[in-house]
Amino acid sequence: MGANNGKQYGSEDSDLSMRTLSTPSPALICPPNLPGFQNGKGSSTSSSSITGETVAMVHSPPPTRLTHPLIRLASRPQKEQASIERLPDHSMVQIFSFLPTNQLCRCARVCRRWYNLAWDPRLWRTIRLTGETINVDRALKVLTRRLCQDTPNVCLMLETVTVSGCRRLTDRGLYTIAQCCPELRRLEVSGCYNISNEAVFDVVSLCPNLEHLDVSGCSKVTCISLTREASIKLSPLHGKQISIRYLDMTDCFVLEDEGLHTIAAHCTQLTHLYLRRCVRLTDEGLRYLMIYCTSIKELSVSDCRFVSDFGLREIAKLESRLRYLSIAHCGRVTDVGIRYVAKYCSKLRYLNARGCEGITDHGVEYLAKNCTKLKSLDIGKCPLVSDTGLECLALNCFNLKRLSLKSCESITGQGLQIVAANCFDLQMLNVQDCEVSVEALRFVKRHCKRCVIEHTNPAFF
């Protein structure tokens with residue numbers, strides 16, 4: 001049976017290029033044994049009987065009159081038609097625009113009108129697939145072939161591909177995207193741990209307009225660079241640079257300083273960079289980063305345990321361009337590093353320093369006096385921060401909206417009252433595991449009407 005099915009799929013693939021009107025089945029992106037899929041399967045003449053695996057299939061457009069028991073309303077006389085059939089085309093397209101890719105493929109099988117509307121080019125600027133059982137490589141192959149019918153071998157309208165959490169995605173699927181989608185601007189493959197550097201290199205080399213890349217959780221990815229061929233052939237186009245501005249490499253555990261050096265040298269236009277839990281990075285990697293990427297606005301090196309005050313000295317070179325910084329659980333950071341950032345990054349809006357136990361009231365004071373436009377601050381689990389630091393914060397950062405003091409053992413109700421009396425726009429306050437009285441919490445609630453207080457005091461409600 002397995003051999004026969006493989007033969008059947010091969011014939012369908014070859015037949016795809018011969019048809020002028022065809023649509024992928026919902027089986028392309030839904031396991032055929034799901035209850036909601038059985039109805040769709042019953043109306044297909046080319047569906048496979050295989051269960052347990054998602055496969056790609058191709059169907060001709062449905063006839064004008066329908067016989068499916070679930071959609072008989074469409075075949076009744078005009079006066080008895082369902083109200084949705086009376087909607088104009090532009091309204092139907094607008095409704096379809098809210099559907100994920102798999103549901104859009106289902107709609108294409110309802111009737112000829114819906115088929116034509118479902119393949120409106122405006123609806124295919126984005127492909128979004130999710131699920132661990134999806135045969136993503138095959139799905140991308142069939143979808144891109146269908147979208148390439150008007151422009152052979154090229155999907156000019158496709159700008160975004162999101163296949164996050166699709167663990168069956170491999171380098172083959174990314175290669176399909178790289179070959180067929182030159183106008184791609186956004187690619188999200190978070191949690192797809194089977195892809196490698198080579199596949200990512202293909203995408204960034206063949207998609208010169210790519211600006212947003214999310215490879216978080218892709219543990220095999222250690223670098224972002226052009227292929228050697230692209231470096232030679234496309235250097236006039238790229239200038240050996242990659243146009244990526246947003247890069248998320250969270251949980252890319254094997255990323256090292258040398259890999260970050262290569263990324264920085266090729267992705268000089270970066271404005272948003274997230275390196276959470278890239279545990280092999282050190283201050284040296286941040287030094288490379290600041291040499292090439294001088295436009296970074298948001299940077300996260302949370303849980304990078306080798307980052308220290310020297311790394312923050314490098315980060316401070318971003319100066320007023322830096323608006324968001326997360327150094328949570330960087331245990332080697334102290335007041336010295338905070339002083340560097342506070343002195344040069346005066347327009348900082350967000351700082352997450354949770355778990356940096358070396359930060360004291362002196363660091364908070366320097367931060368408050370230099371970064372007066374701070375809106376969000378997390379100094380939870382910093383046991384050396386007390387009411388003295390909170391007072392400096394309250395008297396300088398009047399625009400503060402979010403403050404987390406979780407597990408700050410030296411904080412009392414007095415410090416909270418000073419904050420509440422000066423920061424009227426406070427919207428979130430986390431004082432879990434802090435020794436604060438009910439009266440102090442009520443004082444905060446009276447003065448900051450919109451503030452949501454996260455606490456562990458059972459007497460306050």
Side-chain angles (χ1 to χ4, degrees), residues 12 15-30 34 36-47 56-130 134 139-163 177 180-186 209:
E12 287 177 350
D15 186 48
L16 178 62
S17 59
M18 303 298 294
R19 302 189 185 193
T20 57
L21 290 175
S22 59
T23 181
S25 165
L28 176 72
I29 36 193
C30 288
L34 289 179
F37 176 74
Q38 299 301 325
N39 292 329
K41 181 178 177 181
S43 63
S44 170
T45 58
S46 59
S47 297
M57 304 180 186
V58 180
H59 298 269
S60 300
T64 304
R65 294 186 61 83
L66 301 173
T67 58
H68 196 287
L70 295 182
I71 46 179
R72 288 175 181 170
L73 285 176
S75 61
R76 292 181 180 179
Q78 185 67 27
K79 63 180 181 180
E80 298 182 11
Q81 280 188 346
S83 57
I84 193 170
E85 292 296 330
R86 301 170 187 166
L87 292 176
D89 288 353
H90 67 85
S91 297
M92 294 291 292
V93 171
Q94 180 67 22
I95 294 173
F96 286 170
S97 68
F98 294 99
L99 299 179
T101 300
N102 62 329
Q103 295 299 327
L104 199 55
C105 288
R106 288 174 182 244
C107 289
R109 301 182 62 209
V110 171
C111 63
R112 186 173 295 273
R113 181 192 177 211
W114 281 33
Y115 175 89
N116 293 328
L117 294 176
W119 287 104
D120 188 302
R122 292 170 293 180
L123 299 176
W124 291 96
R125 295 190 178 99
T126 298
I127 288 179
R128 182 175 290 105
L129 303 172
T130 57
I134 299 175
L140 290 172
K141 182 178 180 180
V142 176
L143 285 172
T144 51
R145 280 191 180 184
R146 174 58 183 83
L147 296 173
C148 288
Q149 285 190 350
D150 296 331
T151 53
N153 301 322
V154 178
C155 300
L156 294 178
M157 76 286 286
L158 191 59
E159 297 181 352
T160 300
V161 174
T162 300
V163 288
I177 295 173
C180 299
C181 309
E183 297 299 320
L184 192 69
R185 296 181 180 275
R186 184 184 184 108
N209 297 320

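Using a 4.5 Å heavy-atom cutoff, the side chains of Trp124 and Thr101 are in contact. Within the 4.5 Å cutoff, the side chain of Ile127 has heavy atoms near those of the Leu143 side chain. Contact annotation: the side chain of Arg145 never approaches that of Cys148 to less than 4.5 Å [non-hydrogen atoms, C-beta and beyond]. Side-chain contact between Ile177 and Thr144: absent, with no pair of heavy atoms (C-beta onward) separated by less than 4.5 Å. Considering only heavy atoms from C-beta on, Arg125 stays 4.5 Å or farther from Leu158 through its side chain. Side chains of Leu104 and Leu123 form a contact here, defined as non-hydrogen atoms less than 4.5 Å apart. Looking at Cys180 and Val154, their side chains never come closer than 4.5 Å, going by heavy atoms from C-beta outward. Looking at Trp114 and Met92, their side chains come closer than 4.5 Å, going by heavy atoms from C-beta outward.
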CA sep, side-chain torsions, deciding dist, call: Thr126, Glu159, side-chain contact (heavy atoms from CB on, under 4.5 Å):
CA-CA 6 Å; Thr126 298; Glu159 297 181 352; over 6 Å; no

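A cation-pi contact links Arg146 to Trp119, judged by a cut-off of 6.0 Å to the six-membered ring centre and 45° from its axis.
The shortest non-hydrogen separation linking Cys107 to Phe96 is SG-CE2, 3.9 Å.
Counting non-hydrogen atoms of other residues, nucleotides and ligands closer than 6.0 Å to CZ of Arg113 gives a total above 12.
Remark: of the listed residues Val161, Asn209, Thr160, Val161 is the sole one forming a side-chain contact (heavy atoms from CB on, under 4.5 Å) with Leu184.
Atoms CG and CE, on Asp120 and Met157 in that order, are 9.5 Å from each other to the nearest 0.5 Å.
Looking only at distances, no side-chain donor or acceptor of Ser91 sits under 3.5 Å from a matching main-chain atom of Leu87.
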